[in-house]
Amino acid sequence: MDMPPARPVREMLSFSVFTPYYSEIVLYSMSELLKKNEDGISILFYLQKIYPDEWRNFLARIGRNENAIDLELLDNPNDTLELRFWASYRGQTLARTVRGMMYYRKALILQNYLERTADGDKEAALSSKDATNTQGFELSPEARAHADLKFTYVVTCQIYGKQKEDQKPEAADIALLMQRNEALRVAFIDDVETLKDGNVQTEYYSKLVKGDINGKDREIYSIKLPGNPKIGEGKPENQNHAIIFTRGNAVQTIDMNQDNYFEEALKMRNLLEEFHGNHGIRFPTILGVREHVFTGSVSSLASFMSNQESSFVTLGQRVLANP
C-alpha cells in the first residue's frame with residue numbers, strides 16, 4: 001500500500017469530525033429493547049441471538065452469570081445503563097456513531113503517549129519506564145491535551161434545545177453522551193422570544209455546549225443569527241449553522257449510519273498527509289475515503305445501498321482521481 005508516512009501527533013494537521021442529527025434514536029430505552037413485535041421477538045432477544053459471544057462477554061464484564069435472565073439486569077441501575085449502551089452499539093443509534101468517532105481521540109492519545117515515552121519524557125510515563133507498556137495511557141494529561149488540540153468532534157443536534165424544553169428522552173440521552181465523552185461538543189439552534197415595541201419577536205442563536213462535571217450543559221459559544229436559519233433543506237441547514245464551531249485544518253463529515261474502528265483511527269495521521277501530497281496541478285482539498293456503513297446487513301435494500309456506495313463512491317473516486 002502506498003501510504004504516506006505519518007508525522008508526530010504534535011506536528012500533524014488538526015481536524016474535526018462533523019455529524020448531523022435531528023430526532024433519530026440516541027440510545028435504546030429498556031421499553032424499546034423489551035417490546036415484542038408481532039412475531040414475539042424483542043430487539044434485545046434478537047441481538048442476543050446474532051451476537052451470542054459478545055452477549056456472554058458482556059455478562060461476564062458486569063459480573064453476571066451467563067444464564068441470567070433479562071429482567072434480573074433491571075435490579076441494578078448501572079447494569080441497566082450498560083445494557084442500553086451494549087444494545088445501542090449494535091443498532092443504528094447516535095451512541096454508536098459517537099463511540100466510533102471518539103476512537104480518533106483515543107488513538108491520538110495512545111500515539112502521543114508512545115512518542116513521548118520513546119523520546120525519554122519521564123513525565124509521560126505514569127507507572128512504568130518501559131515504552132511498550134501502554135497501561136494507563138488514557139490518564140496521561142500531556143497526551144490528552146495534545147489529542148484535544150488536534151481533534152474536535154461536533155454533533156449538530158438542530159432541535160436539542162427544543163427537546164430539552166419538552167423533556168424528551170433524546171435530550172437526556174444526548175446529555176449522557178456528553179458526560180461519557182468529554183471531548184464531545186453539541187451544536188443546536190436556540191429560539192428565544194423577546195418583546196420589542198409591544199410585539200413578540202423570535203431571535204435565533206446558534207449555540208455550542210459540552211458536559212460539565214456537575215452533569216449540566218456548559219455553554220461554550222452563543223452566536224446570534226440574522227434570522228431563521230431553516231430556509232432550505234433540513235440536513236444542509238443543520239450543518240451550515242454549526243460549521244463555524246469546527247476547528248482545525250480539515251473537516252470529516254460523518255452520517256449517523258457510519259461507524260469507526262480503533263485500527264482505522266490509527267491511520268488518520270497518514271490520511272491527513274495526503275493534503276501535502278503532489279497529486280496534480282494543485283494540492284488536494286477534498287479526500288474521498290471508504291465509509292464504514294454498518295446498516296448493510298439490515299435488509300436487501302440496505303445491502304444494495306451499501307454496495308452501490310462502495311462501487312460508485314469509493315471505487316469511482318479512486319478511478320477518477322488516478323485514471
Side-chain angles (χ1 to χ4, degrees), residues 1-19 97-126 130-156 181-185 187 208 210 220-221 239 242-255 258-280 282-292 314 317-318 321-322:
M1 180 184 295
D2 185 15
M3 186 166 60
R7 299 189 186 192
V9 172
R10 62 181 179 274
E11 298 177 9
M12 66 176 282
L13 294 176
S14 56
F15 71 103
S16 297
V17 177
F18 202 39
T19 300
T97 301
V98 169
R99 180 198 63 168
M101 297 307 115
M102 293 307 296
Y103 281 139
Y104 283 131
R105 182 173 185 262
K106 186 175 182 179
L108 292 176
I109 292 175
L110 174 60
Q111 289 168 330
N112 183 260
Y113 179 82
L114 292 175
E115 289 169 359
R116 290 167 62 83
T117 51
D119 292 340
D121 189 342
K122 295 181 179 180
E123 295 181 359
L126 296 175
D130 185 3
T132 60
N133 188 347
T134 59
Q135 299 231 346
F137 72 92
E138 291 182 276
L139 301 177
S140 171
E142 295 85 1
R144 292 161 67 95
H146 271 92
D148 290 336
L149 286 173
K150 298 297 181 179
F151 169 72
T152 304
Y153 186 29
V154 178
V155 178
T156 168
N181 302 278
E182 59 179 295
L184 176 63
R185 304 290 182 263
L208 185 74
K210 68 176 183 178
I220 305 174
Y221 296 112
Q239 294 174 308
I243 193 69
I244 193 174
F245 299 130
T246 59
R247 295 291 180 266
N249 305 96
V251 175
Q252 183 182 28
T253 54
I254 295 292
D255 287 334
Q258 293 175 237
D259 201 350
N260 196 19
Y261 312 98
F262 186 71
E263 297 82 359
E264 293 294 319
L266 293 171
K267 305 174 187 175
M268 178 51 74
R269 294 185 304 165
N270 306 84
L271 176 65
L272 292 172
E273 286 304 303
E274 293 285 358
F275 285 113
H276 298 299
N278 183 9
H279 298 281
R282 304 177 185 86
F283 288 106
T285 56
I286 299 176
L287 292 180
V289 296
R290 178 177 177 266
E291 295 181 4
H292 300 280
T314 302
Q317 283 179 344
R318 292 178 180 177
N322 189 11

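Numbers here are sequence positions counted from 1. These numbers were taken from a predicted model, which means no experiment stands behind them.
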Worked check of salt bridge (Lys or Arg N to Asp or Glu O under 4.0 Å) between R144 and E138: CA-CA 7 Å; R144 292 161 67 95; E138 291 182 276; over 6 Å; no
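- One finds the CG atom of D148 at 11.0 Å from the NE2 atom of H146 (value rounded to the nearest 0.5 Å).
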Audit row: L110, L114, side-chain contact (heavy atoms from CB on, under 4.5 Å) steps and yes/no: CA-CA 6 Å; L110 174 60; L114 292 175; 4.0 Å; yes
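- Taken to the nearest 0.5 Å, the OG1 atom of T117 stands 9.0 Å off from the CG atom of N112.
- Nearest approach of P5 to E273, heavy atoms of both residues: O-CG, 3.3 Å.
- With values rounded to the nearest 0.5 angstrom, Y103 atom OH is found 7.5 Å from D259 atom CG.
- Panel note: side chain R247, backbone I244; a donor-acceptor pair is recorded below 3.5 Å.
- Side-chain contact between L184 and V98 is present, with heavy atoms from C-beta onward closer than 4.5 Å.
- In plain terms, the two heavy atoms of P4 and E274 that are nearest each other are CD-OE2, 3.5 Å.
- A pairwise comparison of heavy atoms in N270 and A6 identifies ND2-N, 3.5 Å as the closest pair.
- Annotation: side chain of V17 is not in contact with side chain of V154 (no heavy-atom distance under 4.5 Å).
- Within the 4.5 Å cutoff, the side chain of I220 has heavy atoms near those of the R185 side chain.
- A side-chain donor-acceptor contact under 3.5 Å links T19 to the backbone of I254.
- Proximity of N181 to Y153: side-chain heavy atoms (C-beta onward) are nowhere separated by under 4.5 Å.
- Here N249 contributes atom CG and L13 contributes atom CG; the two are 4.5 Å apart, rounded to the nearest 0.5 Å.
- Side-chain contact between M268 and Q252 is present, with at least one heavy-atom pair separated by less than 4.5 Å.
- Remark: side-chain polar atoms of R269 are paired, donor with acceptor, to backbone N or O of R7 under 3.5 angstrom.
- Side-chain atoms of N260 do not come within 3.5 Å of backbone N or O of M101 as any donor-acceptor pair.
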side-chain contact (heavy atoms from CB on, under 4.5 Å) between L108 and Q111, intermediate numbers included: CA-CA 5 Å; L108 292 176; Q111 289 168 330; 3.7 Å; yes
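- Counting only distance, with no hydrogens or angles, the side chain of E115 and the backbone of V9 share a donor-acceptor pair below 3.5 Å.
- Residues Y104 and F151 approach most closely at CB-CE1, 3.7 Å, considering heavy atoms.
- Side-chain atoms of T97 come within 3.5 Å of backbone atoms of Q258 as a donor-acceptor pair (strictly under, hydrogens ignored).
- Separation of atoms OH (Y261) and CD (E264) is listed at 8.5 Å; rounding is to 0.5 Å.
- Minimum interatomic distance between S16 and G248 (heavy atoms only, all atoms of both residues): OG-N, 4.5 Å.
- Closest of all the heavy-atom pairs between G277 and P284 is O-CD, 3.6 Å.
- T156 contributes atom OG1, which lies 5.0 Å from atom CZ of F18 (distance to the nearest 0.5 angstrom).
- A donor-acceptor pair is defined here as one N or O able to donate and one able to accept, closer than 3.5 Å; no such pair exists between the side chain of S140 and the backbone of F137.
- Ring orientation note: the planes of Y221 and F245 are close to parallel, at an angle under 30° on the 30°/60° scale.
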side-chain contact (heavy atoms from CB on, under 4.5 Å) between L149 and R10, worked out: CA-CA 9 Å; L149 286 173; R10 62 181 179 274; over 6 Å; no
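- Taking the centre and axis of the six-membered ring of F15, the NZ or CZ atom of K150 falls outside the cone set by 45° and 6.0 Å.
- Between the side chains of Y113 and E142, not a single donor N or O lies within less than 3.5 Å of an accepting N or O.
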